[in-house]
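Before anything else, here's the structure in question.
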Amino acid sequence: MYRTHTCGELRIQDVNKHVILCGWIQRSRDLGGMTFIDLRDRYGITQLVFNMETNAGLCREARKMGREFVIQAEGSVAERSNKNPKMPTGDIEIMVEKLVVLNESLTPPFTIETETDGGDELRMKYRYLDLRREPLRNNLWLRHRMAFEARHYFNARQFIEIETPVLIKSTPEGARDYVVPSRINPGQFYALPQSPQTFKQLLMVAGYDRYVQIVKCFRDEDLRADRQPEFTQIDCEMSFVGQDDILTMFEGMIKHLFKTIKGIELKDSFLRLSYEEAMEQYGNDKPDIRFEMKIAELTAIARGKGFGVVDSAPYTGGICVKGCSSYSRKQLDELTEFVKRPQIGAKGLLYVKYETDQSIKSSVDKFYATDDLKKWVDCFNAQPGDLILVMAGEKLPTLRALSELRLEMGNRLNIRSKEVFKPLWVIDFPLLEWDDEANRFFAMHHPFTSPKQEDISLLDADPGKVRANAYDCVINGVEVGGGSVRIHNENLQKKMFRVLGFSDEEAERQFGFLMHAFRYGAPPHGGIAFGFDRLVSLFAGEDSIRDVIAFPKNNAARDVMIDTPSEISDDQMKELSIRIERMKD
Ligand code: ASP
């Protein structure tokens, strides 16, 4: 037997047991006549003790072993005189009688402990070493349990997990595809799925009325903390349901995860905000509602007092920050710099301080009398001691800038606790989004999303006004899922492609398989996909999804451990009938 117990298992009740443990040497310390080794495996750490007086030979052997050696230690469990309450095994230690080195290790390039000295790239290169660290082990364990509980929830509700293909067809909508050349069909390519969207719809046509799949998806996009070239979705679809049924079912899954994984009972139904409300109140279609600080519009009351910036702006709005009227000049300048950053792009920031003595001070005293500013104050229902921050400009960019400022103030005031979770649904998204560059509409969600019944007549007259039966699930400012009720009628689907600028032939070529399927009894259906990596990172309190993925890619879409993407041999290229021509810049 290699081992009788794991390194996370033994407790005070096990004292005097004879045990064998296997693991990696995290660190060792020589203190006088004793040597202590922290032995680690994925379950925890147990302290091994070697005594120079009672067994000098073994102790000397132990002193020769370096970090990350894999060893087998046999001995008896003893109560520690110097207990460590921070460790689950901290009451005991193993008095080692026999030691076997199972494998040696080079000195690792960084310390494999909770706090490490290794930089990001180095840890990515030696990911198998990084994965030995407790925070990552915890994250992978959490990920496993969340996947397990999600499946448990769906299984209990007649969902069936069905795998869909990974080599599929490239389509022009959505993000950029990753493509795979076909050797057998020279000059032709598969695409890796951005999501199994059309397949899950075909499964509905096939009658599998509750589908789920925890599935890898691939999108060739610019990367950020919450994006990876390949990522995982909990992909779901249901038939014979309307929006309300879908929201209820998947709200249930989120609640189930919170309850079983975090012990948090989310009793209330999730708030449902329309896209329009989310934009007006938070400047964002994924609002963080852990704190209020809603945006209020001041356009009408701020105009006409001779202040050009406001008078010429289509929109003026602001936020009210509780208890911050004492903000100094320097702090306000910092905020102004913050909103002027190119990513945010505001021209400037106005402030109104509603002082604790009820006087009002502002950066626009020249244009506004106290009575005018009192109206601003009333707009926010501000209390003495509050600070109002205002911006003016084009409506959408100003709302977006206010949203960034609101989140920044939330950070500064420490009211975005990672321990608090506030989920909501954002519903009634616009069906289409105009793109100036392409000079056409794009589907805001995807082209299979159904318009609201009452808006269908606008599809010709004013497509930009049509609302969709589409929804996002948002938690703490993170979009964790999105979906829609689908079109299940061939003619409406054709019409949608026309609005998106496809000719009938093009639509037929790209999506004929789906529209043909609609001729054979397509049931009403709809669904959602959750970004599983995001959901796990939210539960883990991590800022980047990389920390919850075993083998992620870096920001240049590279796997630095296996060193890919990489060139392939000339023979492989020939077989694929591909020749690379370097393009001149
Ligand atoms: N396939 C969609 C996506 O990946 C989700 C859905 O509509 O179900 O965003």
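One-based numbering, in listed order, for ligands and for the atoms of each. In this chain, residues are counted from 1 in sequence order.
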| In terms of atom number and element, which parts of ligand 1 are under 4.0 angstrom from non-hydrogen atoms of Q197? |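 Going through ligand 1 atom by atom, the ones under 4.0 Å from Q197 are 1 (N), 2 (C), 5 (C), 6 (C), 7 (O), 8 (O).
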
Ligand-residue contact atoms, ligand 1 with I528, heavy atoms, under 4.0 Å: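 So the atoms of ligand 1 that pass are 8 (O).
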
- Considering the heavy atoms of G483, write down every atom of ligand 1 situated less than 4.0 Å from one of them.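 Listed by number with element, the hits are 6 (C), 7 (O).
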
**Contact with ligand 1 for R219, non-hydrogen, under 4.0 angstrom** =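 Under 4.0 Å: yes for R219.
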
**Prompt:** Is the shortest distance from a Lys or Arg side-chain nitrogen in K422 or D268 to a carboxylate oxygen in the other one below 4.0 Å?
**Reply:**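 Judged by the 4.0 Å cut-off on N to carboxylate O distance, K422 and D268 do not form a salt bridge.
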
inquiry  = What I want to find out is whether E490 reaches R519 closely enough, with some N-O distance under 4.0 Å, to be called a salt bridge.
reply    =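 Judged by the 4.0 Å cut-off on N to carboxylate O distance, E490 and R519 do form a salt bridge.
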
So does D460 pair up with K495, basic N to acidic O under 4.0 Å?
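Answer for the salt bridge query: yes.
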
Open item on the list: So, applying side chain to side chain contact (heavy atoms under 4.5 Å, CB included) with M496, which one of N491, T449, L431 is it?
Closed with: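 Among N491, T449, L431, the one meeting side chain to side chain contact (heavy atoms under 4.5 Å, CB included) with M496 is L431.
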
- prompt: In terms of atom number and element, which parts of ligand 1 are under 4.0 angstrom from non-hydrogen atoms of S195?
  reply: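 Within the 4.0 Å cut-off of S195, ligand 1 contributes 1 (N), 4 (O).
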
Ligand-side contact atoms (ligand 1) for residue partner A529, heavy atom cut-off under 4.0 Å =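 In order of number, 5 (C), 8 (O).
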
**Q.** Interfacing atoms of ligand 1 (cut-off 4.0 Å, heavy-atom, Q233)
**A.**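 Within the 4.0 Å cut-off of Q233, ligand 1 contributes 3 (C), 4 (O).
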
key: Short N-O contact, R151 and E161, less than 4.0 angstrom   =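 So R151 pairs with E161 through a salt bridge.
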
field: Check: Q194 N/O within less than 3.5 Å of ligand 1 N/O
entry: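 The answer is no, given that Q194 and ligand 1 share no N or O pair closer than 3.5 Å.
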
- Among all protein heavy atoms, pick out the one at the shortest distance from atom 5 (C) of ligand 1; state its residue, atom name and that distance to 0.1 Å.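 Nearest neighbour among protein heavy atoms for atom 5 (C) of ligand 1, to 0.1 Å: G482 O, 3.4 Å.
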
For E237, is at least one N or O under 3.5 Å away from an N or O on ligand 1?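 So ligand 1 has no N or O lying under 3.5 Å from an N or O of E237.
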
Taking the ring centre of each residue, are Y211 and F159 less than 6.0 Å apart?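 Between Y211 and F159, the centre distance exceeds or equals 6.0 Å.
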
May I ask you to check whether F258 and F539 place their ring centres under 6.0 Å from each other?
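Distance test on ring centres: under 6.0 Å, yes.
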
What part of K200, side chain from CB on, backbone N/CA/C/O, both or neither, has a heavy atom under 4.0 Å from ligand 1?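 The answer is the side chain of K200.
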
Measure R486 to ligand 1 on non-hydrogen atoms and call it side chain, backbone, both or neither using the 4.0 Å cut-off.
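Near ligand 1, R486 shows its side chain, while the N, CA, C and O stay back.
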
- Should R467 and E454 count as an ion pair when the cut-off is N to O under 4.0 Å?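 Result for this pair is yes, salt bridge flagged.
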
